[in-house]
Amino acid sequence: MNAEKLLEALDPEQLEAATALVGPVCILAGAGTGKTRTVTHRIAYGIAKGYFSANRVMALTYTNRAAGELRARLRALGIPGVSVRTFHAAALSQLEYFWQQYAGVPAPRVLESKAKLIAQIAEQQKLHFDAGTIRDLAAEIEWRKYSMLSLEDYEKALDSRPPVSGVSKRANIEIQAAYEEAKIKAQRLDWEDVLILTLGLLRAEPRALSHVQQQYRFYTVDEYQDISPLQHALLDAWLGDHNDLCVVGDPNQTIYSFTGASSEFLRGFARRFEGATVVQLTRNYRSTGQIIAYANRLSREESGVEPLQAMAEIGRAPSIQGFENPSEEAKAVAKSIRTRIDQGVKPHDIAVLYRVNGQSEALENALAEVGVDVQVRGGERFFNRPEVQNAIRAIRSEVAIETDKPLFQTVSDILRSLGWSSAEPEAAGAGRDRWESLNALVLIVDDMPAAATLADYANELDERQRSQHEPLRSAVTLSTIHAAKGLEWSEVYLIGLSEGYLPITYAKSDLEIAEERRLFYVGITRAKTQLWLSWNKPGQQSRFFAQIQGAN
């Protein structure tokens, strides 16, 4: 591998970051500035120059999709041996390995869902909660554990926490205590337990800690502004006395403090690691100049990050509209999307983003009425669909059969036997959904190396299934802004931008309002070429509109 050739596609700031290979490195990467390109080229360049050993590099992400993308990009650069995992996956692997060693039995399994267990506990206590309340209670459990608080400490902190609607403080504590007891009784862990127990085991067993520190020496952490105290403590244990740590983050995209995340670790990186290399990426390659102008007006000097520089054309001004109610807004959005698709825009290049999940129902109905397929992020898992599972089994059964046919032909022949065809169905419905699933498997072939075999393809599907790295369907995406972080679309409809939704009703303090403003920033910077902003309560448009339009 020609190490210097790896650097040819990088801009000056990306180049500076990619060639900083020794000691602590902090990359402040604004939205759309090529952070994944920078990180992958830094890892590849470090390996090519002999600074890193691929099997001793650990790249940590927060989502399975981000891990899958990072892994695929490294493979495209000829670097297949790097361990790329979420914090939870890395911790679970270690916990399962060492638990068997030290306890002599397999580690307890991870709960599929907190919600189900919380609902059972509430029913036992004669409490009746809707799905939203149960989800809020699950979020409180996560915040407590990510913040490394005992139940006693959490109870003392409750006065400064937004209350869970419809749940008294006493009931909240009792439900959480019962949840922990029920979990232990069932011999199950939740994902926060995985981090807590891995940290405890490493602190208690020097041999286990030494094993991990010898196995991995070079760490890269993506989205470092979202790290929680618990995750940071575990990262510190993994690092030990070493400082070969590269972190990447953007204070302007800190939107997960409600889960215990803190951007203070990112902000304080240079203070903690004296002599750290700090590089800012500010050249935005994603969005037009007009979209970036709106985003920059939402950023704050105290973030410590310079304004974004738009590298694309000026583009069209974002559309700003108000409506009488959510139904009228949804109909207008659906009509606009139908028109754009009829004009040739691909459905998967369009997204509708909103603050809370409940805002999607009117949209789903309105889009269905105009014949537009949607995929809701957070809906049914792709790899859990029957047609996908049947396809993977069929592909696995063919792996041992020798063939001279190209991979694409082999895969498409197998999927044709299951009902797929190259012709896209015109009608919406279950048949169209099934075709979309199988077609997504065909498109994965395009991500494979030129010489890949069917066995390589089957292994890729297995890896994607394990990490839930799901392909995107050719459908309009509906998503909360939180779930859209890290993604991008050509055209974005950011809706429901009314007081009470953005900022959300319970955001009262200056810190909470600042996080809502950052959430708006994240939503705006998902768009490449066209941006629609709308509210649906007369006279109640979000206070942030004055800011993005330059009124203050």
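All of these numbers come straight from a predicted model, not from anything done at the bench.
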For a quick test of reading the model, state the closest non-hydrogen atom pair linking [X] to [Y] and the distance between them.
X	Y	answer
D250	A29	CB-O, 3.2 Å
I337	V372	CG2-CG1, 4.2 Å
L494	G523	CD2-C, 3.9 Å
A31	N284	O-ND2, 2.5 Å
W143	G260	CD1-N, 3.3 Å
K183	L189	CD-C, 4.1 Å

Test ring pair (Phe, Tyr, Trp, His ring centres under 6.0 Å) applied to Y493 - qualifying residues, sequence neighbours left out: W532
Residue pair T259, E142: steps toward the side chain to side chain donor-acceptor pair (under 3.5 Å) verdict: CA-CA 6 Å; T259 67; E142 291 169 9; over 6 Å; no
Between K528 and E488, does the salt bridge (Lys or Arg N to Asp or Glu O under 4.0 Å) criterion hold? Intermediate values first, please. CA-CA 7 Å; K528 295 180 183 179; E488 60 183 37; 3.4 Å; yes
CA sep, side-chain torsions, deciding dist, call: D456, T453, side chain to side chain donor-acceptor pair (under 3.5 Å): CA-CA 5 Å; D456 295 329; T453 64; 3.2 Å; yes
Interatomic distance, [X] atom [atom1] to [Y] atom [atom2] [nearest 0.5 angstrom]:
X	Y	atom1	atom2	value
H482	F258	NE2	CZ	4.0 Å
F545	I320	CZ	CD1	5.5 Å
M311	T282	CE	OG1	8.5 Å
R517	L502	CZ	CG	11.0 Å
R518	F544	CZ	CZ	10.0 Å
Y256	L519	OH	CG	8.5 Å

Flag if over 12 foreign heavy atoms under 6.0 Å of CD, E112: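 Count not over threshold, so no.
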Return yes when atom NZ of K405 has more than 12 non-hydrogen atoms of other residues, nucleotides or ligands closer than 6.0 Å, and no otherwise. yes
Any donor-acceptor pair under 3.5 Å linking the side-chain atoms of [Y] with those of [X]?
X	Y	value
R316	Q530	yes
R396	N459	yes
T133	D130	yes
E313	T288	no
T36	R73	no
Q321	S534	no
Y501	N536	no
E387	Q389	no

Among V194, I227, T61, which residue satisfies the side chain to side chain contact (heavy atoms under 4.5 Å, CB included) criterion with F87?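 Exactly one option meets the side chain to side chain contact (heavy atoms under 4.5 Å, CB included) with F87, and it is I227.
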Residues K145, D193; criterion salt bridge (Lys or Arg N to Asp or Glu O under 4.0 Å); working and verdict: CA-CA 8 Å; K145 297 171 100 166; D193 291 331; 2.8 Å; yes
Going through the distances and angles, do Y457 and I444 end up as a side-chain contact (heavy atoms from CB on, under 4.5 Å)? CA-CA 9 Å; Y457 176 74; I444 290 174; 3.9 Å; yes
Test: E516 and R355 ion pair at under 4.0 Å: yes
Quick test of your reading of the model: are E329 and K537 salt-bridged, counting only N-O distances below 4.0 Å? no
Give the intermediate values and the outcome of salt bridge (Lys or Arg N to Asp or Glu O under 4.0 Å) for residues K335 and E369. CA-CA 10 Å; K335 180 180 179 182; E369 286 181 7; over 6 Å; no
